[in-house]
Amino acid sequence: MFAKLVVQFATLATMASSVIAGPLALRPKYELATRTFSGFNNWGGFASLSNFDNFYGADNFDGSHYNQVVVSHDQLVCHTQQKWQKGKIEAQINGKILEPFTESSLYRIITEHICDVETQTIVFEQWHSGLHGFSRDLRRHTDHQVGFDSHISSFYNQFFSSDGSLSNHDFGFTGHDLGHETVLVSGHNWDDNRSPASVEDAYRTTRDAYQSVHPELF
């Protein structure tokens, strides 16, 4: 039960992190042999992974394959909040506040409510992989329009009880519901002529920044 709740929160955390679109970490270049994947249900004999694949599907580990339905009657426009500081206007990126909060909440839930370290690893890697899927959406490498699921995101504030403990309520959604009520946010500066190159340049710069911090991984 708690494994499903943790995956539900991880889905919400992916959406929250996706909205702020922070840089995604590169992975070390491991040499992996080609293998046939059969799913994670009861993987390694761990009961905490019972029915794990039911959330997204055994063939959809990162949740990147889904049918998107845009909710046309909801209209949102992106805006940069600003504050007056030292006599000039400075952009305030709320994501830099939200990102540690979201990640810390997810870390707490994974470590507090999953006791098998193998399952902790699998759940975390599923969340991390989902961020890469949204990165591809942002760069217009997929057929998905950039937005968020308004139904699933509406549960975010209900995940913790009033006493701060994790709610044990099953919110009734799975990864199969992702994208069915997509809201698109207008007001961004995407331009079909300019943005493909500039966004890829921004992406490559984040890779360079990560490699400069962790040269031992490459």
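Keep in mind that this is a model prediction, so the values were computed, not measured.
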Side chain of Asp191, backbone of Asn193: donor and acceptor closer than 3.5 Å? yes
Separation of Ile109 CD1 from Ser104 OG (nearest 0.5 Å): 11.0 Å
Show your reasoning for whether side-chain contact (heavy atoms from CB on, under 4.5 Å) applies to Val146 and Leu184. CA-CA 6 Å; Val146 179; Leu184 305 182; over 6 Å; no
Can a donor-acceptor pair be found, under 3.5 Å and without considering hydrogens, that links the side chain of Ser50 to the backbone of Ala47? no
Flag, side chain of His180 to backbone of His151, donor-acceptor distance under 3.5 Å: no
Is any side-chain heavy atom of Val77 closer than 4.5 Å to one of Val185? no
Against the six-membered ring of Phe134, is Arg136 placed for a cation-pi contact (under 6.0 Å from the centre, within 45° of the normal)? no
So does Ile114 get a backbone contact from the side chain of Gln120, meaning a donor-acceptor N/O pair under 3.5 Å? yes
Quick one: closest heavy-atom pair of Trp43 and Glu118, and the distance? CZ3-CB, 4.1 Å
Going by heavy atoms in the side chains, are Tyr203 and Ser198 under 4.5 Å from each other? no
Trp127 and Leu106: which non-hydrogen atoms are nearest, and at how many Å? CD2-CD2, 3.3 Å
Reported CZ-to-CZ distance for the pair Arg207 and Arg204, which is rounded to 0.5 angstrom: 11.5 Å
Parallel, tilted or perpendicular, judged at 30° and 60°: which one describes the rings of Phe171 and Phe155? tilted
Test Asp59 against His65 for side-chain contact (heavy atoms from CB on, under 4.5 Å), laying out the working first. CA-CA 9 Å; Asp59 58 349; His65 300 293; over 6 Å; no
Taking atom types as modelled, is there a side-chain donor on His141 or Glu200 under 3.5 Å from an acceptor on the other? yes
Any side-chain to backbone donor/acceptor pair from Asp149 onto Ile152? Under 3.5 Å, distance only. yes
Does Asn67 have more than 12 heavy atoms from other residues, nucleotides or ligands lying within 6.0 Å of its CG? no
So does Asp192 get a backbone contact from the side chain of Ser195, meaning a donor-acceptor N/O pair under 3.5 Å? no
Is the Phe61-Tyr56 ring centre distance short of 6.0 angstrom? no
Co-membership, hydrophobic cluster, residues Val199 and Leu131, 4.5 Å side-chain: no
Check side chain to side chain donor-acceptor pair (under 3.5 Å) between Asn41 and all other residues, then give those that pass, not counting sequence neighbours. none
With no hydrogens and no angle check, is any side-chain donor or acceptor of Glu181 less than 3.5 Å from a backbone partner on Val71? no
CG (Asp201) with more than 12 external heavy atoms under 6.0 Å: yes
Just verifying a value: how many Å separate Ile122 CD1 and Ile110 CD1, rounded to the nearest 0.5 Å? 11.5 Å
Keeping Thr182 on the side-chain end and Phe148 on the backbone end, is there a donor-acceptor pair under 3.5 Å? no
Ser48 to Thr119 - nearest heavy-atom pair and separation: OG-OG1, 2.7 Å
If we ignore hydrogens and angles and just use 3.5 Å, is the side chain of Arg139 paired with the main-chain N or O of Asp137 as donor and acceptor? no
From Gln211 atom CD to Thr206 atom OG1, the distance as rounded to the nearest 0.5 Å: 10.0 Å
Do Tyr66 and His144 have their ring centres less than 6.0 Å from each other? yes
Phe46 and Phe52, any side-chain heavy atoms less than 4.5 Å apart: no
Could you tell me whether Phe218 and His214 have their ring centroids closer than 6.0 angstrom? no
Test item: Asn60 and Asp62 side chains (from C-beta on) under 4.5 Å apart, heavy atoms: yes
